[in-house]
Amino acid sequence: PDAQILLGRAYVEAWRSDHQPRDAERAETWLVKGLTILQNRTDGWLELAALRRLRGDVKGEAEAAEHALAGAREDRRLSVAVAAARMANNDPESALALLDGAAVLSDRAEIETLRARALQMLRRPDDAFAAARRATTLQPSYGEGWLALGRSEEHTSELQSPCNLVCRL
């Protein structure tokens with residue numbers, strides 16, 4: 001089973017370099033075979049989620065990411081990846097719940113940025129703006145935070161001049 005997961009991961013790398021559909025199919029086949037037996041292999045689930053995302057399978061990506069998260073609840077990177085997959089799957093409420101739980105972990109700027117996106121999807125513009133503002137305060141050089149702030153500012157009651165945002169970059 002371990003060899004199957006490793007072989008699947010190798011086919012993912014081959015597919016990333018040559019984009020041959022048969023490599024993606026083989027990667028998925030070997031990863032699924034290995035993960036059927038070794039269900040706690042977080043790295044295999046993450047690789048499968050990434051493969052499915054690259055292939056445009058949003059639902060499959062979310063499913064694989066959820067399996068990875070189940071095996072490693074305390075990993076901030078997994079929380080962020082699963083939250084992003086949930087948002088791509090049009091489920092901002094559960095993404096926000098996961099991000100709220102991950103907020104005590106490190107690298108809060110990334111988490112606050114994702115929270116801002118989820119809050120925008122939930123049509124809570126003032127909360128989205130506040131989350132994006134926290135992201136830019138926590139890490140002023142984090143470009144994604146500034147993009148989230150700009151997007152959320154369009155829909156909030158706290159409009160500022162565009163120069164105020166750009167001049168801070």
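The structure presented is a predicted model; accordingly, all values stated were derived computationally and were not measured.
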Do Ile111 and Met121 land in one hydrophobic cluster if side-chain heavy atoms of ILVMFWY residues count as linked below 4.5 Å? yes

Minimal non-hydrogen separation, Ala83 against Leu98, with atom names: N-CD2, 3.8 Å

Gap separating the CE atom of Met87 from the CD atom of Gln120, nearest 0.5 angstrom: 9.5 Å

What's the separation between atom OH in Tyr11 and atom CD in Glu47, rounded to the nearest 0.5 Å? 14.5 Å

Go through the steps for Leu149 and Phe129 under the test side-chain contact (heavy atoms from CB on, under 4.5 Å), then give the verdict. CA-CA 6 Å; Leu149 185 62; Phe129 182 80; 3.4 Å; yes

When hydrophobic residues are tied together by side-chain contacts of less than 4.5 Å, even through go-betweens, does Leu46 share a cluster with Trp15? no

Approximate separation, where rounding is to 0.5 Å, of Leu6 CG and Asp43 CG: 7.5 Å

Do the side chains of Glu112 and Arg115 get close enough for a salt bridge, i.e. N-O under 4.0 angstrom? yes

Report yes or no: does Gln39 contribute a side-chain atom to a donor-acceptor pair with the main-chain N or O of Thr36 at less than 3.5 Å? yes

If I take atom CD from residue Glu66 and atom CH2 from residue Trp45, how far apart are they, to the nearest 0.5 angstrom? 11.5 Å

Closest non-hydrogen atom pair between Gly8 and Ala27, with its separation: O-CB, 3.5 Å

Could you walk me through whether Glu144 and Leu114 satisfy the side-chain contact (heavy atoms from CB on, under 4.5 Å) test, starting with their C-alpha distance in whole Å, then the side-chain angles of each, then the deciding distance to 0.1 Å, before giving a yes or no? CA-CA 9 Å; Glu144 290 295 322; Leu114 284 171; over 6 Å; no

What pair of heavy atoms forms the shortest contact from Leu138 to Ala109, and how long is it? CD1-N, 4.0 Å

Over all atoms of both residues, closest heavy-atom pair of Ala65 and Val82: O-CG2, 3.1 Å

Sequence-distant partners of Asp91, salt bridge (Lys or Arg N to Asp or Glu O under 4.0 Å), two or more places apart: none

Pairwise distance CD1(Ile5) to CG(Leu38) - rounded to 0.5 angstrom: 4.5 Å

Reported CD-to-CZ distance for the pair Glu93 and Arg86, which is rounded to 0.5 angstrom: 11.5 Å

Could you walk me through whether Arg22 and Arg26 pass the side-chain contact (heavy atoms from CB on, under 4.5 Å) check? CA-CA 6 Å; Arg22 74 173 183 277; Arg26 289 176 179 160; 3.7 Å; yes

Using the rule given for side-chain contact (heavy atoms from CB on, under 4.5 Å), can you reason through Lys33 versus Leu7, listing the C-alpha separation, both sets of side-chain angles and the distance that settles it, and then say yes or no? CA-CA 11 Å; Lys33 280 183 182 180; Leu7 186 57; over 6 Å; no

May I have the list of side-chain donor-acceptor pairs in residues 48-59 shorter than 3.5 Å, sequence neighbours left out?
{"residue": "Arg52", "atom": "NE", "partner": "Glu28", "partner atom": "OE2", "Å": "2.9"}
{"residue": "Arg52", "atom": "NH1", "partner": "Gly60", "partner atom": "O", "Å": "3.1"}
{"residue": "Arg52", "atom": "NH2", "partner": "Glu28", "partner atom": "OE2", "Å": "2.8"}
{"residue": "Arg55", "atom": "NH1", "partner": "Glu28", "partner atom": "OE1", "Å": "3.4"}
{"residue": "Asp57", "atom": "OD1", "partner": "Gly60", "partner atom": "N", "Å": "2.8"}

